[in-house]
2 protein chains.
Amino acid sequence: MAARAGVSIATVSFTFSQPHRVKSATATAVLEAAAELGYVPSGNARGLARGRTGAIGIFSFDYMVDGSGDPDPDSVAADAASTSANTFPLYVDEVQYGAETESRRLGYALMLGGARTLPGEHAVTDIVGRVDGLITFSGIVPLEMMRGFAGRLPIVELSGEVRLEGVHTVTVENEAGMRAMTEHLIDQHGAKRICYVGTSTTAEFAARYEGYSGAMRDAGLAPQPPLESRPAREHTTIAAISGQLTLGMPDAFLFASDQEAIVALRLFEQLGVSVPRDVKVASFDGILAGLLVSPTLTTVQQPMHAIGRAAVGVIVDALAGRPDIRHVRLPLALRIRQSCGCGGTD
Amino acid sequence: MAARAGVSIATVSFTFSQPHRVKSATATAVLEAAAELGYVPSGNARGLARGRTGAIGIFSFDYMVDGSGDPDPDSVAADAASTSANTFPLYVDEVQYGAETESRRLGYALMLGGARTLPGEHAVTDIVGRVDGLITFSGIVPLEMMRGFAGRLPIVELSGEVRLEGVHTVTVENEAGMRAMTEHLIDQHGAKRICYVGTSTTAEFAARYEGYSGAMRDAGLAPQPPLESRPAREHTTIAAISGQLTLGMPDAFLFASDQEAIVALRLFEQLGVSVPRDVKVASFDGILAGLLVSPTLTTVQQPMHAIGRAAVGVIVDALAGRPDIRHVRLPLALRIRQSCGCGGTD
DNA sequence: TTCGAAAATCAAAGCGCTTAGATTTTGATT
DNA sequence: AATCAAAATCTAAGCGCTTTGATTTTCGAA
């Protein structure tokens, strides 16, 4: 390449990264030679030499349906199934989308990686070794690894509550959000027996439950213990609800996530239970699929794009030399729609 | 790092990439030291030394609303607007999602880049320099650049028809799809005056128009010249329709893309034109937003995830040494819903 | 024409890894 | 205890760029 243009490799390098240092005639020659040869500077070599890659990594996971493989929404034969709520972007997808937008805006490439199959660990290190900063969802990267990485590059953990030293976080007001929703059910709909369905095994989910139980107590009502259920594990949700139904129908079901609520909606339909007439339903996340189900889902809206954008912002700030660890906490908003009985159409 | 574990750097390297070549006791020591130091092999150095990065790039663009910046769907204050069809994933997003899934499955990291702002070119080379293969949408990378890249790494161009030597392609049956839809309007709904709205400046769009005009001619009807309009440029769509309306209401409007059809639906609502009663509407793409509008959109479904997956597959095959250039062409399916008057609900 | 500072270019030392090929260690066999 | 092949480890030469400091050009001023 350098030879082709009749200059040294240093000059080629300058042409691409510091054009002002090169005579314009030379630059032209270099660029021409590059075009002829299809030459492109190697990002690897550049990254190695500069000590920076110019890329940000985002490590997520597949919140996919029961790990049952892809439902292949594309097979041409597919019909109704292919447009079911399952194929809609979920929480992680939306957050990632926000991160894409922002990193692109700031001139960083985004490198995607995920804990897909078995070698979960392997995959992270793979990403970590290639980027200047890492965004990861809570709970998919083992704590010790995080700790190790934290010293090497800026890391922001999303939607977690575990404060690891040196790790930035971006979270939402889980407790306040769920509290507000619970209050809505109590105040606007006179609900008294509200069943909470969802896990509380992570700090984030625990906070949601706290919001619910706090609101219940404040209203002089008895919070129920959470009915254990997990998003993307339909049978757990179905089991939780079925169990409750044998004990009687509550005024409302409050779900820790939209995904679980949507499963419930489907179950209720099968059982001939009418929502919101027979029981009110509300949940948490604000994924798009919530708009497509019938009734539309009343939910606590997470600012998913903003979360992604904030994460990138934090990384870029850190890269720019701001050394302080940041903990961003974003507010939530209620989306009052049909499933709680408000009849809203958005 | 090597020192810390008391071994040479070669041994460290072997430990990470060819564990079987290292005594297990040694491996343990290395891994321990790595954990202590938070060491992660540098992807850049590795890529440089190996001549492969293990990443696939996807270069897309923002088919965003009028370049008017992000509509910020997340502001907590946002209400109805935030859940409008605009925030739904569009064609490129869905394709990208398919690519993500597949590359993850095959153990490749995906590097995202886009022609966001001005320096369109710069961005591509940036990505090209960092990946083993590139997926790009048609028309955003100048032909000469493509030609140059094609010699250096496998490239697949999506949804284009321009066959560039050495460039793989993944496309769909644009003409057949649009023909089928046109026939549906004619045969099932007795439509005679069908207006085609959309650009035909790219081969892909031109093929769609061909499908329409071919079907019209075959039915003994007169195909209209296309009313020029472009997706994500609302005013062009509105102008196209308004212009037609002054000439009279056709039996049906057939749009080159869902995005344009959705704009039209909104316009018709404002004008008090009832769809499908006063005029039938159908289009092309099958984006999710088409399910959320009222009436739901009858459209030609593109297998977007499959397109993304196929693209990755082609790249990986090429990387595996299969030297032949592949041109994958995927079939389409009609999604007959409400806007054509069929009343389907999917 | 000559001189010197500024501009342009270059040589060479890394950046952190991989991988031949060389060297040392290990361990089963004499 | 001696021998030797196999196993484990190491040395060192890159990989393609950036960047410092040195060298050469350029060009206005003397």
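Keep in mind that this is a model prediction, so the values were computed, not measured. Chain A is the first sequence line, chain B the second, and so forth, proteins listed ahead of strands; every chain is numbered from 1.
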Look at Arg147(B) together with Glu144(B) and state whether they make a salt bridge at an N to O cut-off of under 4.0 Å.
-> no

Nearest-Å distance, NZ (Lys23(B)) to P (dA8(D))?
-> 8 Å

Considering residues at least two apart in sequence or located in another chain, which fulfil the salt bridge (charged side-chain N to carboxylate O under 4.0 Å, His left out) criterion with Glu100(A)?
-> none

Quick one: Arg130(A) CZ to dC17(C) C1', roughly how many Å, whole number?
-> 13 Å

Please find out if less than 6.0 Å separates the ring center of Phe149(A) from that of Phe59(A).
-> no

Would you confirm whether Ser17(A), through its side chain, and Ser13(A), through its main-chain N or O, come within 3.5 Å as a donor-acceptor pair?
-> yes

OP1 or OP2 of dA8(C) sitting under 4.0 Å from any side-chain N/O of Thr26(A)?
-> no

Heavy-atom protein contacts under 4.0 Å, nucleotides 10-16 of chain D, coded B base, S sugar-phosphate only, - none | BB--BBB

His168(B) and Glu157(B): side chain donor to acceptor below 3.5 Å = no

Has Gln18(A) got a side-chain N or O lying under 4.0 Å from the OP1 or OP2 atom of dT18(D)?
-> no

Would a 4.5 Å heavy-atom cut-off, applied to side chains only, mark Val312(B) and Ile56(B) as touching?
-> yes

